[in-house]
Amino acid sequence: IFELKVENQVKKIVIFGAGNIGRSFVAQLFSKAGYEIVFVEIDSVIVDALNKYHRYRIEVRDIHSETIWVENVRGINSRNSDMVKLEVSNSDIISTSVGSKTLPNLYKDIAVGIMLRKKSGIKKPLNIIICENLRNAKIEFCNGLRKYLPSDFPEDEMPGLIETSIGKMVPIMKEEDKKNDTLLIYAESFNTLILDKNGFKGELPDISGLDMKNNMKAYVDRKLFIHNLGHAVTSYLGFIVNPKLKYIREAVDIPEIEHTARAAMWESGLSLIKEYPQEFNKSNQEEHIED
């Protein structure tokens with residue numbers, strides 16, 4: 001079952017998680033670059049739809065609307081462990097977007113896939129893009145893989161582990177829209193994936209929309225302590241002022257909340273300037289906070 005056929009073919013990315021970030025963001029970027037997209041997903045309805053249509057639609061709901069078709073896709077049920085390992089073993093790159101609590105469920109299949117890759121003689125380094133809201137994701141992922149790899153597994157044959165900063169927002173979809181099109185997904189127009197340049201092994205992927213940084217820790221902290229903080233403060237204060245509020249925009253429309261949320265974000269913004277003076281200054285922090 002694990003016999004590998006290495007041929008000249010389209011590059012392939014295996015994406016764990018066919019949810020909001022996997023479908024609206026990562027797959028879209030790599031599909032545009034000509035990659036085959038293989039989703040590993042536990043929802044059998046989504047897997048069946050991927051394998052029936054081999055494409056899906058993204059509706060950009062922003063100031064400027066747009067329809068994007070993501071082509072050349074297929075799905076594998078994550079319960080089909082043997083097939084998952086095989087796909088991992090001969091992939092060009094891997095990505096995860098399953099949530100930090102689900103990550104431990106992936107390590108065994110990925111580790112076995114890495115060993116199959118080694119056994120088959122594939123020399124090209126494997127890279128894993130970790131699209132999770134997780135600080136020190138590289139360390140956690142490495143420790144997780146090591147549990148299932150031989151104790152003497154060579155360090156230089158470990159995959160490249162790439163941390164990211166995910167700023168993509170996916171608007172809420174109506175249940176009616178989901179029923180009409182299982183694979184349809186909404187997205188905002190923001191389409192830049194910030195990721196750790198130094199995490200890659202071998203050749204860097206030439207993908208439009210990948211913004212590679214040398215000091216990734218700075219950008220992970222900026223995402224958590226400005227972007228996420230801003231949403232959290234706005235939500236907490238909005239609930240205190242009026243528990244019936246549903247959307248962030250409704251809370252931001254209240255001047256006192258907007259002022260306080262912005263002030264909280266600047267507390268972090270100024271701290272991050274002191275922590276990472278080579279990366280941040282008042283000008284680029286203001287641009288990020290206002291965005």
Side-chain angles (χ1 to χ4, degrees), residues 1 10-62 65-110 112-113 128-134 141 164 166-191 193 207 209:
I1 189 173
V10 173
K11 288 184 177 180
K12 177 177 73 177
I13 180 171
V14 174
I15 301 176
F16 285 83
N20 289 346
I21 297 303
R23 290 217 310 282
S24 78
F25 198 13
V26 181
Q28 180 224 142
L29 294 177
F30 279 84
S31 175
K32 282 183 178 178
Y35 279 67
E36 179 192 15
I37 312 298
V38 180
F39 285 107
V40 177
E41 169 62 41
I42 198 168
D43 188 330
S44 59
V45 174
I46 291 178
V47 172
D48 291 344
L50 288 167
N51 291 328
K52 179 178 181 180
Y53 299 108
H54 298 290
R55 69 197 298 241
Y56 63 88
R57 181 164 49 107
I58 299 172
E59 291 291 342
V60 177
R61 298 295 181 97
D62 214 313
S65 298
E66 181 185 4
T67 298
I68 299 172
W69 284 96
V70 178
E71 308 280 354
N72 196 17
V73 304
R74 56 188 173 91
I76 299 170
N77 196 299
S78 59
R79 296 183 180 90
N80 189 344
S81 181
D82 286 345
M83 187 58 68
V84 173
K85 294 165 187 172
L86 180 60
E87 293 289 352
V88 166
S89 69
N90 59 22
S91 64
D92 291 281
I93 197 163
I94 293 172
S95 174
T96 76
S97 47
V98 297
S100 58
K101 292 182 179 179
T102 304
L103 269 182
N105 299 335
L106 313 185
Y107 297 142
K108 184 176 182 179
D109 283 351
I110 294 177
V112 174
I128 303 175
I129 300 176
I130 310 166
C131 298
E132 315 288 352
N133 265 326
L134 184 63
F141 210 106
T164 63
I166 305 295
K168 184 86 164 181
M169 304 301 292
V170 179
I172 296 171
M173 293 180 62
K174 296 178 181 178
E175 289 301 320
E176 182 181 349
D177 293 338
K178 293 180 182 178
K179 290 178 181 178
N180 290 337
D181 185 344
T182 303
L183 297 177
L184 172 66
I185 195 156
Y186 293 165
E188 65 167 348
S189 59
F190 179 81
N191 217 29
L193 175 57
I207 308 290

Chemist: How long is the straight-line distance from OH of Tyr186 back to NZ of Lys174, given to the nearest 0.5 Å?
Modeler: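 OH of Tyr186 is found 7.0 Å from NZ of Lys174.
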Chemist: Can you see which heavy atom on Ile46 is nearest to which on Ala18, and at what distance?
Modeler: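 Looking at all heavy atoms of both residues, the shortest contact is CG2-CB, 4.1 Å.
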Chemist: Return the minimal non-hydrogen interatomic distance between Gly75 and Asn51, and the atom names on each side.
Modeler: N-OD1, 2.8 Å
Chemist: Do any N or O atoms from the side chain of Arg57 and from the backbone of Leu184 form a donor-acceptor pair under 3.5 angstrom?
Modeler: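 Between the backbone of Leu184 and the side chain of Arg57 there is no qualifying donor-acceptor contact (under 3.5 Å).
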Chemist: Quick check: does any side chain N or O of Asp62 sit under 3.5 Å from a backbone N or O of Ser189, one acting as donor and the other as acceptor?
Modeler: yes
Chemist: Mind checking what makes side chain to side chain contact (heavy atoms under 4.5 Å, CB included) contact with Asn133, not counting sequence neighbours?
Modeler: Lys223, Leu224, Asn228
Chemist: NZ/Lys52 to CG/Leu183 distance, rounded to the nearest 0.5 angstrom?
Modeler: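 Nearest 0.5 Å value for the NZ-CG distance: 10.5 Å.
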Chemist: Looking at Ile37 and Ser31, what are the two nearest heavy atoms and their distance?
Modeler: CD1-N, 3.8 Å
Chemist: Between Glu87 and Arg74, does at least one N-O distance fall below 4.0 Å, as a salt bridge requires?
Modeler: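 Yes.
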Chemist: Could you check whether any side-chain heavy atom of Leu193 comes within less than 4.5 Å of a side-chain heavy atom of Ile166, counting everything from C-beta outward?
Modeler: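 A side-chain contact exists here, since the closest heavy-atom pair is under 4.5 Å.
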Chemist: Has Glu41 got a side-chain atom pairing as donor or acceptor with Asp43's backbone, closer than 3.5 angstrom?
Modeler: yes
Chemist: Please report the interatomic distance CD1(Ile76) to CG(Asp82), rounded to the nearest 0.5 Å.
Modeler: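 So the CD1 of Ile76 and the CG of Asp82 are separated by 11.0 Å.
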Chemist: Within a strict 4.5 Å, meaning less than it, do heavy atoms of the Val38 and Ser91 side chains meet?
Modeler: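 Not touching, per the 4.5 Å side-chain cut-off.
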Chemist: Tell me the ring-ring contact (aromatic ring centres under 6.0 Å, His included) pairs involving residues 35-60, sequence neighbours left out?
Modeler: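 Every pair satisfying ring-ring contact (aromatic ring centres under 6.0 Å, His included) with a residue in residues 35-60: Phe30-Tyr35.
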Chemist: Look up atom OG1 in Thr182 and atom CG in Asp177, then write down how far apart they are to the nearest 0.5 Å.
Modeler: 12.0 Å
Chemist: About how many Å separate CZ of Arg23 and CD1 of Ile15, when rounded to the nearest 0.5 Å?
Modeler: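 Reported value, rounded in 0.5 Å steps: 11.0 Å.
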Chemist: Looking only at atom types and distance, does a side-chain atom of Glu188 sit under 3.5 Å from a main-chain N or O of Met169, one as donor and one as acceptor?
Modeler: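 A pair under 3.5 Å: yes.
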Chemist: Who passes salt bridge (charged side-chain N to carboxylate O under 4.0 Å, His left out) against Glu176, sequence neighbours left out?
Modeler: none
Chemist: Looking only at heavy atoms, which two atoms of Ser100 and Leu134 are closest? And how far apart?
Modeler: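 Minimum heavy-atom contact is CB-CD1, 4.0 Å.
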Chemist: Which salt bridge (charged side-chain N to carboxylate O under 4.0 Å, His left out) pairs, counting each pair once, include a residue from residues 90-107, with sequence neighbours left out?
Modeler: Asp92-Lys124
Chemist: Within the 3.5 Å criterion, strictly below it, is a donor on Ser81 or Asp109 matched to an acceptor on the partner's side chain?
Modeler: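 Present: a donor and an acceptor within the cut-off.
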Chemist: If you look only at pairs with a residue in residues 65-103, which of them pass as a ring-ring contact (aromatic ring centres under 6.0 Å, His included), with sequence neighbours excluded?
Modeler: none
Chemist: Suppose we screen for side chain to side chain contact (heavy atoms under 4.5 Å, CB included). Which residues come up paired with Asn191, at least two apart in sequence or across chains?
Modeler: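 Listed in chain order: Phe25, Gln28, Leu29, Lys32, Lys168.
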Chemist: What distance separates Ile21 CD1 from Glu132 CD, expressed to the nearest 0.5 Å?
Modeler: 9.5 Å
Chemist: Are side-chain heavy atoms of Lys11 and Ile13 found at a separation under 4.5 Å?
Modeler: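 Answer no - side chains too far apart.
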Chemist: For Phe16 and Asn105, run side chain to side chain contact (heavy atoms under 4.5 Å, CB included): C-alpha distance rounded to whole Å, both residues' side-chain angles, the deciding distance at 0.1 Å, then the answer.
Modeler: CA-CA 11 Å; Phe16 285 83; Asn105 299 335; over 6 Å; no
Chemist: Give me the atom names and distance for the closest heavy-atom approach of Leu103 to Phe141.
Modeler: CD2-CE1, 3.8 Å
Chemist: Please report the closest heavy-atom contact between Gly17 and Ser97, naming both atoms and the distance.
Modeler: O-OG, 3.5 Å
Chemist: Do the side chain of Thr96 and the main chain of Ile130 share a donor and acceptor less than 3.5 angstrom apart?
Modeler: no
